[in-house]
Amino acid sequence: MFDFLKIAVEEIVKENFQQNIDANSIQINATPVDYTGDCTIVVFPFTKFSKLNPEATGNFFGEKLKAKNANIESYNVVKGFLNIVFSNNFWLNEFVTAKNNAAFGQSPTTNRKVMVEYSSPNTNKPLHLGHVRNILLGHSISEILKACGNEVIKSTLVNDRGIHICKSMLAWQKFGNGETPASSGLKGDHLVGKYYVEFDKQFKIENLKLKESGWSDEEVAKKNPMMMEAQQMLLDWEAGKPEVIELWKMMNSWVYEGFDTSYKMLGVTFDKTYYESNTYLLGKTAVAEGLQQGVFVQDEDKSVWIDLTLDGLDRKVLQRKDGTSVYITQDIGTAQLKYDDYEMDESIYVVGNEQDYHFKVLQLILKKLGKIYADGVYHLSYGMVELPNGKMKSREGTVVDADELMAEMMASAKSTTEELGKVEGLNDEEKEKLFYTVGMGALKYFLLKVDPKKKMLFNPAESIDFHGHTGPFIQYTHARICSILRKNILVRKPLADCVAAYVMNEAEKKLVQQILQFPTKILEAGKEHNPAHLANYAYALAKEFNSFYAVHSVLKANTEAEIQFRLHLVEMVATVIKKAMHLLGIEVPEKM
RNA sequence: GCCCUCUUAGCUCAGUGGAUAGAGCAUCCCCCUCCUAAGGGGAGGGUCGCAGGUUCAACUCCUGCAGAGGGCGCCA
């Protein structure tokens with residue numbers, strides 16, 4: 001937001017020292033609280049050509065800047081730091097511009113198209129906490145990129161085929177007794193997940209029996225009848241055997257119904273769904289293309305490879321000797337399909353960091369194939385969600401189930417809200433809506449406030465708090481402001497009238513400054529693909545407001561001018577909080 | 001063995017190469033006759049893993065070391 005200062009500094013350097021500097025290299029920060037100033041220019045780098053000491057350099061630039069820009073009221077220099085104070089009117093004008101702009105925060109269109117792929121679940125088990133982090137990140141970054149002026153396509157790639165799917169199908173066939181979501185009351189994805197676990201259980205029992213009957217470990221691993229049945233089922237599926245396809249369709253439809261419920265609860269949607277059952281053969285085209293270009297090589301056993309050792313990576317197989325394609329080859333094909341469908345400028349994959357190497361390889365291969373979209377591939381890599389005793393492991397039953405977690409968050413929101421006596425005057429529907437909003441707000445904020453790149457810890461015992469640096473704290477701030485606006489009895493004056501001769505106090509000015517940072521924060525979050533920047537911003541703004549609120553009354557301010565101005569000010573705080581939280585996929589209540 | 005990532009207060013996390021490294025939780029103290037106390041104010045708590053280097057300036061960049069995690073399959 002201080003770009004105009006940077007340009008001014010650039011001009012001063014040019015006019016006085018005949019040097020060209022890059023305006024973007026000029027460092028301007030918010031002035032630390034202990035010093036006087038609205039922003040601070042670091043002048044150390046200018047001493048090179050000013051031939052003056054830092055202090056004198058600061059004064060020189062301060063004087064020149066003040067002469068150039070009427071909005072600068074004063075300046076002071078401490079060591080190599082030039083602190084600038086802007087006039088009251090400057091801030092008021094900025095505030096008016098922001099508040100009158102209904103789309104404040106929204107950048108003009110970039111004419112860029114971005115696809116964000118996220119969630120991308122397997123259809124053999126329900127969603128867990130790791131998926132939740134993925135989904136919230138994907139949704140949030142999509143909204144942020146829209147706000148940055150991009151056209152965004154939200155997509156997901158459903159892993160609906162493969163041996164793991166056959167395992168749950170087989171177990172259901174053997175032990176299910178025709179159980180359906182309708183007959184059991186179980187959510188579809190949980191029902192299918194149950195049989196995936198059942199397969200593993202029975203498989204282990206069978207292995208033990210086989211060992212007891214004298215089979216070697218190797219024989220057991222290779223020839224376990226259940227595993228062989230599952231493998232046969234996969235072959236049958238690929239061959240399109242009707243009864244297998246029918247079973248597959250039925251069980252997948254249960255899972256999708258379950259996922260839809262979870263997605264709805266999470267408040268996320270997709271514009272485009274890709275199914276691996278439709279894309280898994282696309283790799284073959286890619287292989288043919290690569291061979292023709294000489295980028296890939298075929299070994300004597302007919303397997304196809306790419307040698308990336310000169311790029312510091314490995315030799316990688318792309319097609320098995322039996323002619324079937326592997327994971328990465330499917331991804332090459334899918335990347336092409338996505339591009340053919342949308343011709344996007346950037347293609348973001350929200351995928352865990354255990355696949356960092358995979359995406360490095362994928363992008364490199366696409367480059368070697370000469371794909372123009374290769375540079376647009378971006379792996380939004382996020383860290384695992386860990387429990388106090390380490391990673392979540394489905395086999396050890398330590399996964400935190402997404403549906404259960406959401407239900408617990410809402411129950412927790414309910415009991416806390418009731419304890420605080422905040423439900424008075426709400427009907428049942430409003431109450432449920434509030435518990436949902438607060439519970440989900442707490443969960444979402446908890447997962448989005450940390451840098452995606454970093455692994456994070458989730459402690460079920462301590463659960464998620466509603467105090468301090470949390471979603472509900474920010475939601476509460478919004479509700480407080482709404483309460484003020486509801487209780488106001490004055491006829492509101494237009495903002496322009498309110499600022500005409502108004503002089504802000506320090507607390508008001510700080511709030512205005514905080515508000516004005518919003519657009520910059522969105523761009524930063526978009527550029528770095530990091531919603532945490534916005535989460536932390538929303539918290540800083542809410543905190544600033546609460547400090548203000550504790551000391552200054554809005555409705556009982558000393559003069560009507562103060563009341564009128566503050567009404568506009570806090571209204572804007574509420575608006576920005578709401579917008580920022582929306583970009584995180586979090587709703588804010590008007591009462592709580 | 002090779003490659004990648006991480007290491008900041010008791011715990012969980014912030015911190016575009018710039019001033020005395022910040023929050024929340026937890027602990028202790030204070031603040032509801034006053035717009036919602038899911039709030040505000042204050043106290044204590046730090047060798048920014050360790051050692052070098054680059055720089056006017058390093059938690060931030062580079063190198064080495066240690067610890068933790070992840071990846072190196074004709075699995076996905």
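Sequence lines set the chain letters: A, B, ... in the order given, protein chains first and strands last, and positions in each chain run from 1. Since the structure is predicted, the reported quantities are computational estimates derived from the model, not experimental observations.
OP1 or OP2 of B:G18 has not a single side-chain nitrogen or oxygen of A:Lys79 nearer than 4.0 Å. OP1 or OP2 of B:C75 lies within a sub-4.0 Å distance of a side-chain N or O belonging to A:Arg320. Of the side-chain N and O atoms in A:Tyr539, none sit less than 4.0 angstrom from OP1 or OP2 of B:C13. For the OP1/OP2 pair of B:A76 and a distance below 4.0 Å, the side-chain nitrogens and oxygens of A:Tyr327 include no atom meeting the criterion. Residue A:His467 has a polar side-chain atom (N or O) positioned under 4.0 Å from OP1 or OP2 of B:G39.
Taking only distance into account, the side chain of A:Thr40 meets the base of B:A19 through a donor-acceptor pair shorter than 3.5 Å. Contact of A:Ser303 with B:C74 (side chain to base): a donor-acceptor pair of N or O atoms is detected under 3.5 Å. One can find a donor-acceptor pair under 3.5 Å joining the base of B:A19 and the side-chain atoms of A:Asn83. Scanning atom types as modelled, no donor and acceptor separated by under 3.5 angstrom connect the side chain of A:Asn459 and the base of B:C11.
The aromatic rings of A:Phe518 and A:Tyr537 lie parallel to each other, their planes meeting at an angle below 30°, with 60° marking the opposite boundary. Ring-plane geometry between A:Phe199 and A:Phe203 is classed as parallel, the angle between the planes falling under 30 degrees on a 0 to 90 degree scale with a further cut at 60. Ring pair A:Phe458/A:Phe446 is perpendicular by interplanar angle, where above 60° counts as perpendicular and below 30° as parallel.
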### Worked verdict on A:Trp248 versus A:Tyr275 for ring pair (Phe, Tyr, Trp, His ring centres under 6.0 Å)
CA-CA 13 Å; A:Trp248 173 73; A:Tyr275 296 93; 8.7 Å; no
### Query
After noting the C-alpha distance and the side-chain angles of A:Arg161 and A:Glu276, does the key distance pass the salt bridge (charged side-chain N to carboxylate O under 4.0 Å, His left out) rule?
CA-CA 7 Å; A:Arg161 63 163 287 280; A:Glu276 217 177 275; 3.8 Å; yes
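Rounding to whole angstrom units, NZ of residue A:Lys449 and P of B:G15 are separated by 13 Å. Nucleotide B:A23 holds its P atom 13 Å from the CG atom of A:Asn536, rounded to whole Å. Taking atom CG of residue A:Leu281 and atom P of nucleotide B:A76, one finds them 13 Å apart after rounding to whole Å. Rounded to an integer number of Å, the gap from A:Phe446 CZ to B:A14 C1' is 15 Å. Distance CG (A:Asp465) to C1' (B:C11): 13 Å, rounded to an integer number of Å. For A:Glu419 and B:A37, the CD to C1' distance is 15 Å, given to the nearest whole Å. Atom NZ of A:Lys391 is separated from atom C1' of B:G71 by 10 Å (rounded to the nearest Å). Between the CG atom of A:Asp314 and the P atom of B:C74 there is a distance of 11 Å, rounded to whole Å.
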Protein N or O to nucleotides 2-7 of chain B N or O, pairs below 3.5 Å:
| unit_1 | atom_1 | unit_2 | atom_2 | d |
| --- | --- | --- | --- | --- |
| B:U7 | OP1 | A:Lys454 | NZ | 3.4 |

Listing time: all N or O pairs from protein to nucleotides 40-43 of chain B that are below 3.5 Å?
| unit_1 | atom_1 | unit_2 | atom_2 | d |
| --- | --- | --- | --- | --- |
| B:G41 | OP1 | A:Ser547 | OG | 3.1 |

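A:His533 and A:Asp451 share no side-chain donor-acceptor pair at under 3.5 Å. The closest side-chain donor-acceptor pair between A:Tyr357 and A:Asp314 falls under 3.5 angstrom. A:Thr123 and A:Asn252 share a side-chain donor-acceptor pair at under 3.5 Å. Side-chain polar atoms of A:Tyr327 and A:Gln355 form a donor-acceptor pair below 3.5 angstrom. A side-chain donor from one of A:Glu560 and A:Gln564 sits under 3.5 Å from a side-chain acceptor of the other.
The nearest heavy atom of RNA chain B to A:Met384 and to A:Thr417 marks one nucleotide each, and the one closer to the 5' end goes with A:Thr417. Residue order along RNA chain B, read from the 5' end via each residue's closest nucleotide, puts A:Ala30 first among A:Glu354 and A:Ala30.
Using P as the reference atom, B:C28 and B:A66 are 42 Å apart when rounded to the nearest Å. The P atoms of B:C59 and B:G52 are separated by 14 Å, rounded to the nearest whole Å. Spacing between B:G73 and B:G15 at atom P, rounded to whole Å, works out to 35 Å. With both ends at atom C1', the span from B:G45 to B:C2 equals 42 Å, rounded to whole Å. Look at the C1' atom in both B:G44 and B:G22: the space between them is 16 Å, to the nearest Å. Here, B:A57 and B:G64 have their C1' atoms 24 Å apart, quoted to the whole Å. Comparing the P positions of B:U27 and B:U33 gives a spacing of 25 Å, expressed to the nearest Å. Spacing between B:G17 and B:G24 at atom C1', rounded to whole Å, works out to 28 Å.
Taking the syn range as angles within 90° of 0, the glycosidic angle of B:C32 is syn.
In this structure B:A43 sits in a base pair with B:U27, meeting the Watson-Crick or G-U test at under 3.5 Å. In this entry B:A37 has no Watson-Crick or G-U wobble partner, no candidate having both defining distances under 3.5 Å. Shown here, B:U5 forms a base pair with B:A68; the pair counts as Watson-Crick or G-U wobble because both key distances fall under 3.5 Å. Figure legend. B:U54 is base-paired to no nucleotide; pairs are counted as Watson-Crick or G-U wobble with both atom distances under 3.5 Å. Nucleotide B:C59 is matched to nothing when pairs are restricted to Watson-Crick or G-U wobble geometry with both distances under 3.5 angstrom. As the counterpart of B:C32, no nucleotide is assigned, since no Watson-Crick or G-U wobble pattern has both distances under 3.5 Å.
One distance of note links CD1 of A:Ile165 with CG of A:Asn159; it measures 6.0 Å at 0.5 Å rounding.
Figure legend: cation-pi geometry between A:Lys338 and A:Tyr349, with NZ or CZ positioned under 6.0 Å from the six-membered ring centre and within 45° of its axis.
Between the side-chain ring of A:Phe81 and the base of B:A19, a stacking contact exists by the 5.5 Å and 30° definition.
The backbone N or O of A:Phe44 sits less than 3.5 Å from a side-chain atom of A:Thr47, completing a donor-acceptor pair.
Distances from the side chain of A:Tyr35 to the nucleotides B:U20, B:C74, B:C13 place B:U20 closest.
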